[in-house]
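Just so it is clear: chains get the letters A, B, ... in the order the sequence lines come, proteins before strands, and each one is counted from 1. Small disclaimer: the values here were computed from a predicted structure and weren't measured.
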Amino acid sequence: MPSAPLPRSFYARPTVEVARDLLGKILVHGRTAGRIIETEAYLGSQDEASHAFRGPTPRNRVMFGPPGHAYVYFIYGMYECMNVVTETDGTAGAVLIRALEPLRGIETMRRRRPHAKREQDLTSGPGKLTIALGITRRQNGADLTRGPLTIPPPDHPLQFEIESTPRIGIRRCADWPLRFLLRYP
DNA sequence: CAATAGATCATCT
DNA sequence: GATGATCTATTGC
């Protein structure tokens, strides 16, 4: 009996708390799944690096909506990145899923990313993991508390530490330590 | 090893 | 017209 998806109350909290607590949880899409090992927090009106900084637009509107939904956007003409919407309805906030440890459906992932050499390279970046799990803009706005795209906790508790560093690939607020990594003891 | 160029397009200026 | 919450292959030490 697999674990139930995290409830909406998990996401209806400050973005940094959610970003740290997502480490170790399982991202499931269809028959593929991976353990979340790297996240980044993107705040709302105070965070110049956030898509939500200049207010709602057609692209970022789900960041302003209810928590526990997916915000998937297209970047660099090629890639899609998946976020989890946080905070209460009406307040922008999201956590970018930056890396996973492949757990299930690894053959499917290999088929989708035939150039990945090592197994961990299948999902070792925000653009890679969406390809490996088959996540696209069609999942933008998807409810993470039910449906094919969910985030259950692990079946067995896991011992790990959390490392925090500056976020990657941004220019504004480049020194804020809002990137979180799962480190095994 | 590290550094960099090219791919390619939605969004914003 | 430029930029970007990226990835990969290639070039250069």
Side-chain angles (χ1 to χ4, degrees), chain A residues 11 14-23 25 27 29 32 34-65 67-87 91-102 106 108-142 144 149 151 162-182:
Chain A
Y11 302 101
T15 305
V16 171
E17 280 183 33
V18 178
R20 297 175 62 96
D21 290 347
L22 277 172
L23 294 175
K25 303 297 191 290
L27 178 62
H29 187 222
T32 57
R35 187 192 321 282
I36 298 172
I37 57 174
E38 185 178 337
T39 62
E40 279 179 1
Y42 284 88
L43 284 30
S45 54
Q46 312 302 312
D47 183 359
E48 288 190 75
S50 172
H51 290 168
F53 179 65
R54 291 169 201 285
T57 68
R59 174 173 70 158
N60 67 21
R61 67 185 164 78
V62 313
M63 272 187 81
F64 291 83
H69 291 254
Y71 167 45
V72 185
Y73 67 89
F74 187 65
I75 187 84
Y76 298 129
M78 256 190 198
Y79 297 104
E80 278 146 312
C81 295
M82 179 191 161
N83 297 250
V84 164
V85 176
T86 59
E87 309 279 353
T91 300
V95 175
L96 173 68
I97 310 297
R98 282 198 63 88
L100 306 173
E101 191 179 287
I106 291 174
T108 301
M109 298 187 196
R110 284 200 185 286
R111 201 167 59 242
R112 290 170 174 159
R113 285 187 36 73
H115 294 291
K117 285 183 66 78
R118 299 169 302 171
E119 183 173 302
Q120 66 190 43
D121 296 331
L122 289 167
T123 53
S124 59
K128 301 178 191 176
L129 69 90
T130 53
I131 295 170
L133 299 216
I135 296 169
T136 71
R137 278 163 289 175
R138 287 210 314 278
Q139 277 74 46
N140 189 39
L144 299 173
L149 183 61
I151 307 184
I162 297 175
E163 178 182 353
S164 64
T165 77
R167 294 176 290 185
I168 299 292
I170 57 170
R171 306 201 301 185
R172 321 298 304 208
C173 308
D175 53 343
W176 294 11
L178 295 183
R179 175 177 178 238
F180 303 100
L181 300 103
L182 182 158

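- Contact annotation: A:His115 side-chain N/O to C:dC7 OP1/OP2 distance is not under 4.0 Å.
- Under 3.5 Å, the side chains of A:Thr15 and A:Glu87 contain a donor-acceptor pair of N or O atoms.
- Of the side-chain N and O atoms in A:Tyr76, one or more sit less than 4.0 angstrom from OP1 or OP2 of C:dT6.
- Contact annotation: A:Arg54 side-chain N/O to B:dC12 OP1/OP2 distance is not under 4.0 Å.
- Considering only side-chain N and O atoms, A:Thr57 lies under 4.0 angstrom from the phosphate OP1 or OP2 of B:dC12.
- Under a 3.5 Å cut-off, the side chain of A:Ser50 and the backbone N or O of A:Asp47 do not form any donor-acceptor pair.
- Under a 3.5 Å cut-off, the side chain of A:Asp21 and the backbone N or O of A:Val18 do not form any donor-acceptor pair.
- Taking a centre distance below 5.5 Å and an interplanar angle below 30 degrees as the stacking criterion, A:Tyr73 does not stack against the six-membered base ring of C:dA5.
- Within the 6.0 Å centre-distance limit, the rings of A:Tyr73 and A:His51 are counted as a close aromatic pair.
- For the pair A:Arg98 CZ and C:dC7 P, the computed distance is 7 Å after rounding to whole Å.
- The CD-P distance, from A:Glu48 to B:dC12, rounds to 16 Å in whole Å.
- Remark on DNA chain B: of its neighbouring residues A:Tyr79 and A:Arg137, the 5'-side contact belongs to A:Tyr79, judged by nearest-heavy-atom nucleotide.
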